[in-house]
Amino acid sequence: MFLTTPDTLKPIYLFLLFGLFALTPGRIDAQYPYPPELPSYKQIETEFFTRYAVKNIFVDPVKRQGAYYIRFYSTGRDDIHASEYLFYSAETRQYFPLPLPLADTSQPFRSLQNFYYDESYNFDTQPCYGYSGWYHDAIKYLEARKNPTEDELNALARSYYSAAYALTETYNGPGSLADSVEAWDGLVAAHPRLTEARLELFIQRSDRALELFQTLSARNPKYVTPAGYVDTKCANLQMERYQTLRIFGKDSLANRPAEPGQYRDYIRQTAGNMLLSCPPNAVLITSGDTDSYPLWYLQMTEQLRTDVLVMPIAFLTSSLYNVFYYQNTLFNSRAPGRTLPRSYYEKSTLLRYSNLSWLGVSDTIGIQGYFDHLQQPGNLLPAHYNRFDCYVKFRHLVLRADQLPGSDKLLFNKQLKRDYGRSDTLFVTLPAVAATDYQTLIDWLATEGWNRPLCFSMTCSDQVCQPFGSQLVIEGLVYRYYPIKPRQWPAYSVLQKPINLDASWRLWREAFHHDSSDEITPFDGLPLFQTELSFVVALSEGLTRSGSKRKARTVLNDFCLYYPNSRLLWAHQMLYVARAYARAGDKKAAEGVIITMLDNLDQGRLTDQQKLKLEDNALFMSQIIEDFDLKNARIRYEQSFAHPFVVPAEIPFQTKE
């Protein structure tokens with residue numbers, strides 16, 4: 001019956017089904033001082049999805065001492081209900097059945113399936129993970145270790161870090177709801193702050209985390225964390241701690257000078273180039289550690305572009321940070337204007353469009369009407385109880401700018417106005433359940449007449465940029481929002497965005513700083529490099545289309561000089577550079593890039609993953625060779641792949657200039 005139940009009723013039937021099963025008795029780990037050997041996260045994932053079908057069901061793994069559990073979530077209007085079932089016991093080395101529909105064993109397991117949150121790194125490195133207060137159990141065990149390994153030092157440091165920030169957030173990731181509610185009760189809404197006792201505990205825990213990371217760095221400077229080498233993790237923690245203490249009014253502790261050389265040159269230079277890409281008084285939205293904290297570091301230590309308000313997108317979903325920024329900022333940036341009252345941000349609310357009858361058959365509403373409905377309690381839900389409601393299908397809500405004061409004076413770039421025109425309607429796409437991050441940005445923009453520059457760092461994903469995606473323009477190393485008419489961008493453009501050629505060319509040649517002597521590490525530097533490569537290719541191709549092929553070649557030459565093969569092995573992503581060279585009329589350089597990549601492959605310089613990626617992109621390489629008649633590259637291609645060159649049957653992207 002369950003398999004034929006309509007999708008909308010399955011969560012209800014599933015929840016009733018859970019009631020028929022008694023929960024597995026308490027923890028089985030009482031006799032274990034530390035969990036015996038457990039399968040890896042990927043092994044658990046494969047075993048689970050091979051056995052069970054979980055369509056329209058939210059499930060997560062939980063790692064306790066000596067066992068893996070599976071947590072099932074069902075959502076009500078105002079809360080999340082969770083139930084845990086034992087899935088694997090290290091004591092008996094066996095898997096236990098779960099109350100779920102069985103998977104179709106005639107179909108192979110799909111490796112792309114994963115749990116609701118892919119936490120593989122944390123599960124494999126932490127002794128306990130994924131439930132409320134897991135870090136307390138991890139700290140208790142790991143502090144008792146007399147000679148901790150490097151991995152155990154890292155796990156202990158991460159445990160203290162999580163324990164510290166569970167005190168400050170209304171929600172702190174998977175399995176942290178209990179601690180978060182406790183922290184929420186300890187905040188004073190009128191002036192968000194922790195009690196002195198809790199603040200002292202935060203300082204102790206964050207200090208201990210930093211001390212452990214520094215110890216690990218001294219033991220092995222090349223130890224890799226998800227943020228990159230451990231020295232980058234130390235630096236990020238220093239800057240995050242600075243921000244948090246500022247918000248809680250501990251300026252005397254927060255304003256301790258940052259250590260010189262806290263970030264390696266490459267990260268500092270890329271962060272500086274992103275700041276330099278922003279217009280005066282811009283708001284720069286960032287998405288992660290390495291595109292946020294180094295920017296603050298430069299503003300603090302070098303006073304670089306302190307007029308730019310750097311704002312991690314995650315901060316806008318937290319009432320703690322949002323209320324602070326209601327009237328405060330860091331450094332010399334000015335606080336953004338607000339129309340919504342402060343009380344709205346104190347609640348950390350979600351707007352649920354599906355509940356709003358005022359939309360009717362039209363998705364278009366004036367901005368004032370939008371703000372009015374944001375403040376009606378019946379349309380709002382407490383965000384920290386509605387984790388899953390943010391992941392429903394999108395609907396479009398078009399905000400009309402013609403009702404705004406000063407809408408006739410919207411800020412436009414002359415080149416963009418000439419090329420794309422202007423629009424009195426702002427095409428903002430919002431999810432059916434919008435959290436305070438998107439609402440905050442719309443409030444800032446609308447209150448200031450849509451004239452304050454809004455930028456997104458080059459590493460922001462489409463999801464982060466979602467409400468403004470159709471009207472973003474590349475400028476330097478950021479995306480900038482302009483109220484321009486959306487236009488289909490050529491299909492072969494790497495970033496699928498228009499580009500401000502004048503500004504980007506000037507920044508690349510006159511303002512940016514690069515130094516190829518620094519190592520580009522896989523975890524922190526490589527994502528920055530890959531993203532910058534995309535921006536460079538977009539600039540080059542834009543210049544080529546505009547008839548400035550000489551400038552296009554100059555940009556590509558600069559890029560290859562800054563990031564030579566001797567410092568960073570050219571792999572599959574450099575195919576875009578080869579194609580851009582060919583389009584700009586330099587076939588010799590295009591061949592040089594391709595042949596260098598094949599040399600790296602043949603001489604065993606590439607990692608297994610890089611080799612696989614390059615082999616997977618062999619068709620793309622052959623298309624470039626054929627399109628631009630790169631004879632020497634064709635010969636080298638046949639030698640490397642040990643088979644005759646085959647002309648592609650179809651070319652999926654535009655090739656003519």
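On a predicted model such as this, the values are computed, not experimentally measured, just so you know.
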[X], [atom1]: over 12 other non-hydrogen atoms inside 6.0 angstrom:
X: Gln609; atom1: CD; answer: no
X: Tyr576; atom1: OH; answer: no
X: Arg567; atom1: CZ; answer: yes
X: Asp462; atom1: CG; answer: no

Discussion item. Applying salt bridge (charged side-chain N to carboxylate O under 4.0 Å, His left out) to Glu541 and Arg579, what does each step give before you reach the verdict?
Written reply: CA-CA 9 Å; Glu541 293 190 343; Arg579 187 179 65 179; 3.8 Å; yes
Roughly how far, to the nearest 0.5 Å, is the [atom2] atom of [Y] from the [atom1] atom of [X]?
X: Tyr325; Y: Ser333; atom1: OH; atom2: OG; value: 7.5 Å
X: Arg550; Y: Asn557; atom1: CZ; atom2: CG; value: 11.5 Å
X: Arg509; Y: Thr554; atom1: CZ; atom2: OG1; value: 5.5 Å
X: Phe456; Y: Ile285; atom1: CZ; atom2: CD1; value: 6.0 Å
X: Met597; Y: Ser640; atom1: CE; atom2: OG; value: 10.5 Å
X: Thr290; Y: Leu528; atom1: OG1; atom2: CG; value: 6.5 Å

For residues [X] and [Y], report the shortest heavy-atom separation together with the two atoms involved.
X: Cys465; Y: Leu472; result: CB-CD1, 3.5 Å
X: Leu295; Y: Met274; result: CD1-CE, 4.1 Å
X: Pro279; Y: Val308; result: O-CG2, 4.5 Å
X: Thr596; Y: Gly592; result: OG1-O, 2.8 Å
X: Pro312; Y: Thr286; result: CA-OG1, 3.2 Å
X: Arg268; Y: Tyr263; result: CD-O, 3.2 Å

Under 4.5 Å between any side-chain heavy atoms of [X] and [Y], yes or no?
X: Phe512; Y: Glu532; answer: no
X: Leu316; Y: Trp444; answer: yes
X: Gln214; Y: Cys234; answer: yes
X: Tyr581; Y: Ile624; answer: no
X: Tyr293; Y: Thr232; answer: no
X: Leu543; Y: Arg553; answer: no
X: Leu630; Y: Tyr637; answer: no
X: Val283; Y: Tyr481; answer: no

Looking only at the aromatic ring of each residue, does the gap between the centers of [Y] and [X] stay below 6.0 angstrom?
X: Phe535; Y: Tyr479; answer: yes
X: Tyr161; Y: Tyr165; answer: yes
X: Phe529; Y: Phe559; answer: yes

Item to complete: Go through the steps for Arg305 and Asp307 under the test salt bridge (charged side-chain N to carboxylate O under 4.0 Å, His left out), then give the verdict.
Response: CA-CA 5 Å; Arg305 292 303 307 277; Asp307 61 300; 2.9 Å; yes
Worksheet item: Given the rule in the side chain to side chain contact (heavy atoms under 4.5 Å, CB included) test, do Leu533 and Met574 qualify, once you have shown the distances and angles that lead to the verdict?
Response: CA-CA 8 Å; Leu533 181 149; Met574 291 294 291; 3.7 Å; yes
Whether [X] side chain and [Y] backbone form a donor-acceptor pair below 3.5 Å:
X: Asn281; Y: Arg334; result: no
X: Gln610; Y: Ala571; result: no
X: Lys42; Y: Ser120; result: no
X: Ser540; Y: Val536; result: no
X: Gln303; Y: Met300; result: yes
X: Glu591; Y: Lys631; result: yes

Worksheet item: Would Arg634 and Glu626 count as a salt bridge (charged side-chain N to carboxylate O under 4.0 Å, His left out) if you check the C-alpha gap in whole Å, the side-chain angles of each, and the deciding distance to 0.1 Å?
Response: CA-CA 8 Å; Arg634 178 183 299 206; Glu626 174 65 19; 2.8 Å; yes
Worksheet entry | Basic-acidic side-chain contact under 4.0 Å: Arg583, Asp627 | no
Fill in: Note: Lys611-Asp608 ion pair, threshold 4.0 Å (strictly below)
no
Looking just at side-chain N and O atoms, do [X] and [Y] make a donor-acceptor pair shorter than 3.5 Å?
X: Asn220; Y: Tyr229; answer: no
X: Asp231; Y: Ser217; answer: no
X: Asp291; Y: Thr459; answer: yes

Worksheet item: Step by step, would you call Trp505 with Glu510 a side chain to side chain contact (heavy atoms under 4.5 Å, CB included)?
Response: CA-CA 8 Å; Trp505 166 258; Glu510 299 177 10; over 6 Å; no
Practice prompt. Let me see the working for Asp586 and Lys549 under salt bridge (charged side-chain N to carboxylate O under 4.0 Å, His left out), right down to the final yes or no.
Written response: CA-CA 9 Å; Asp586 193 341; Lys549 291 188 176 182; over 6 Å; no
Worksheet entry | Working for side chain to side chain contact (heavy atoms under 4.5 Å, CB included), residues Arg246 and Phe324 | CA-CA 9 Å; Arg246 277 288 309 275; Phe324 174 81; 4.1 Å; yes
Item to complete: Evaluate the side chain to side chain contact (heavy atoms under 4.5 Å, CB included) criterion for residues Leu495 and Val537: first the C-alpha distance (whole Å), next the side-chain angles of each, then the deciding distance (0.1 Å), finally the verdict.
Response: CA-CA 9 Å; Leu495 294 173; Val537 170; over 6 Å; no
Discussion item. Taking side chain to side chain donor-acceptor pair (under 3.5 Å) as the definition, give me every residue that meets it alongside His514, ordered by chain and number, with sequence neighbours left out.
Written reply: Tyr563
